[in-house]
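So the structure is just underneath, and the comments pick up after that.
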Amino acid sequence: MTLPGMPGGQYTADGLEHNPLGNPSSRAEDHSAQLEKRKRKLEQFEYGDHWASIEGSGETAVITWGSSCGPVREALALMAAEGIPTRLVAIRLLLPIQPERLASALKGVKRVLVVEQSHGAQFHLYLRAHYDLPGEVKSLAIPGPLMIRPDAVYHRLTHWEES
Amino acid sequence: MSAILIASVEELFAHALTMLSDAGECYEQLADQMEIANNPEVSKIFRWLAEKQQQRTRYIEALAGDAQLPHISPWDHHWEHGLNPQAPDTDVTHYMMTPYHALAMAAAAERSAAAYFKQLTDADAQADLCRLAAEFSATAADFAVVLEQRLSEQPAPEQDWDKDHDPPVVLE
Amino acid sequence: MERAETSPSLKARDYKSGLKPVWCPGCGDFSVLQAVTKALAELALAPEDVALVSGIGCSSRLPAYLDVYGFHAVHGRALPVATGLKISRPELTVLAAGGDGDGFSIGGNHFMHACRRNVDMTYIVMDNQVYGMTKGQASPTTDPEWDKSKLTPDGTQISAYYPLVIALASGANFIARASSSDPNGAAKVIVDAIRHPGFSFVHMLSPCVTFRPEQRLWKKSVHPAPVAATKDPAVAARRLMTDDNFYLGTLYEGSRKPYQPELIASVDLPSELEAGFLL
């Protein structure tokens, strides 16, 4: 990559589909080539441990993402204070999927609670579409506008059979 | 506009060269436009016209030899309304234009250039300036005749030459 | 950073990238491309020291047709990107470009605040009073009676936006109008705009021959402004509010000090910049 001011390096950073030189192109072959290139870039990037925040241990796990992580963390702290170990898997990378890593994070888990701030439980459906989840899986999907409260998560975990 | 404004042979060379290079570039651009618009027949004519302008540029450059030509800013040329008399009037440019339109456009531009140079010969300017202006005028007029000849061999466009059954927009 | 000692004298065509524009044949933007390259050649700017940032739309395709550093990506956001570039790289000549929809509607608020901030850059808006890329809808500068779009079968019936008046009221330091029908005159306006310190706004009349074919006649309506540019904003306000929208040339030249904050950090190499984005 060159920066403005570097002689001979002029190019246009173009938001339109472009060829490898950066020139806008509407050719189908350029479009396919660039789609493949972007896919490779995403798939081959080494995300390392950043793909998810994994905390705690135990046979019960909560899978969540985004802004629901905070209340879930607080709920799990309440559980821990009562001596009930629970795992947190807060996914940060939705795609590309990481099946081996999630399987490893959920090893030995018998109950999974999927927590999300939505009405249609789309995170739960997304997980079901892309991953094999172990044991018994339940969904806690709460739409806004109010944030999910730690107690809602705590209550669902401690009253597992009722839901 | 007045012939008096062109004071020297060098200035005349500079004007003629800019007229030709601007016109040549314009024809190149038109050829590209027609290529993009899938009108290869007209594109070919514009490409040929661009090449003609380049040939004449090379001829005048050789004629000027080592003369020190003044730098004239694009807007400081002595042209009516600041418009290059040799540049084609692109008003009729249309993706469905025919060879007839392209040749008529170019012939008019050459007639306009010939008239421009002709004026410079009218004034009581220096003899060599007059001679040169007369030559440039004659060259443009000769080329206009060639274009008009080719034009006469073309069928006049039909009334609805720009009718497109699949237009880019339907304005109802 | 390596920098050319002297810039060899380049011709207007040397500032073109060689990519063939996809504008409709007859589009005014071809002439604007000519005018911009003529202006850059006249100013003898090294192509690598020029950056052109555009928005989205037909006219915003301009950067790829020029052999300068270009950025063509975000609708209505040419000005904030250009502002960031200029304040972090004040040695560059920064140009922003786009159309009337991109600049006055999608990016309307950026336009006002760019005028107000007065960062030293030039904004060229190719105004054809229509959204051409999306097939001909009314834009902010469209006449309220224009009824040729199916979306506004009775016209918008909303008074048009007057960009020059808004620019003056918002604090633009240089306001001019040019026309694609006179690429040489437009080149002069662009040169003057680039030379003028602070934010310069060039309102470029550039017909859309596909959706507004009647605009081909604009070339017969334009005429040089009858008086020289004023430095007095009050006089400019009266003139801009009463002109016929076809006055060409520099109409207002202010003397406000350009905004240029002190530089606090910089990188010399792209790799240093990239390092900041690593996980």
Side-chain angles (χ1 to χ4, degrees), chain A residues 1-31 33-35 37-55 65-66 69 89-98 100-102 105, chain C residues 1-8 14-22 46-57 60-75 77-78 81-82 85-86 88-94 133 266-274 278-279:
Chain A
M1 190 179 90
T2 53
L3 293 181
M6 292 179 166
Q10 298 93 295
Y11 68 98
T12 289
D14 211 302
L16 294 173
E17 188 58 282
H18 46 264
N19 66 16
L21 294 172
N23 294 329
S25 165
S26 49
R27 292 164 65 101
E29 60 197 75
D30 283 333
H31 184 51
Q34 295 297 321
L35 282 172
K37 195 170 163 185
R38 286 191 280 271
K39 190 175 170 202
R40 279 201 307 278
K41 206 187 231 177
L42 289 171
E43 285 177 349
Q44 292 175 4
F45 186 80
E46 181 43 60
Y47 296 94
D49 292 338
H50 296 286
W51 75 281
S53 299
I54 300 162
E55 296 160 20
W65 78 294
C69 298
V89 180
I91 292 182
R92 300 180 66 207
L93 180 71
L94 295 176
L95 287 168
I97 56 167
Q98 308 286 317
E100 286 166 17
R101 284 177 163 142
L102 185 65
Chain C
M1 194 172 294
E2 201 180 316
R3 198 162 279 284
E5 282 295 306
T6 53
S7 158
D14 298 325
Y15 289 89
K16 286 190 184 167
S17 69
L19 204 64
K20 293 172 186 167
V22 295
E48 66 269 19
D49 291 336
V50 180
L52 171 59
V53 182
S54 69
I56 294 296
S60 287
R61 297 186 75 120
L62 193 66
Y65 305 140
L66 288 163
D67 186 28
V68 301
Y69 280 92
F71 185 88
H72 168 214
V74 200
H75 203 1
R77 274 64 184 158
V81 174
L85 182 60
K86 181 65 187 182
S88 62
R89 298 287 306 279
E91 77 281 14
L92 297 174
T93 297
V94 175
M133 189 168 264
S266 178
V267 295
D268 286 332
L269 294 169
S271 55
E272 292 174 37
L273 200 62
E274 283 161 5
L278 291 178
L279 282 169

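Just so it is clear: chains get the letters A, B, ... in the order the sequence lines come, proteins before strands, and each one is counted from 1. Since this is a predicted model, take the numbers as computed values, not measurements. FYI, side chains are in, hydrogens and waters are out, and symmetry mates aren't considered; it's all heavy atoms of this structure.
- The number of heavy-atom neighbours closer than 6.0 Å to CD of Glu43(A), taken from other residues, nucleotides and ligands shown, is above 12.
- At a threshold of 4.5 Å between non-hydrogen side-chain atoms, the residues Gln10(A) and Val50(C) do not count as touching.
- Note that OG1 of Thr12(A) is 9.0 Å distant from CG of Leu19(C), once rounded to the nearest 0.5 Å.
- In this structure, the side chain of Tyr69(C) does not engage the main chain of Gly5(A) through any donor-acceptor pair within 3.5 Å.
- Put simply, the side chain of Pro63(C) does not reach to within 4.5 Å of the side chain of Asp14(A), judged on heavy atoms.
- Counting heavy-atom pairs closer than 4.5 Å to chain C, the top residue among Ala13(A), Gly15(A), Pro24(A) is Ala13(A).
- Contact of Thr2(A) with chain C is made through backbone and side chain together, with heavy-atom distances under 4.5 Å.
- Between Glu48(C) and Met6(A) the shortest side-chain heavy-atom distance does not fall below 4.5 Å.
- Other residues, nucleotides and ligands place more than 12 heavy atoms under 6.0 Å from the CZ atom of Arg38(A).
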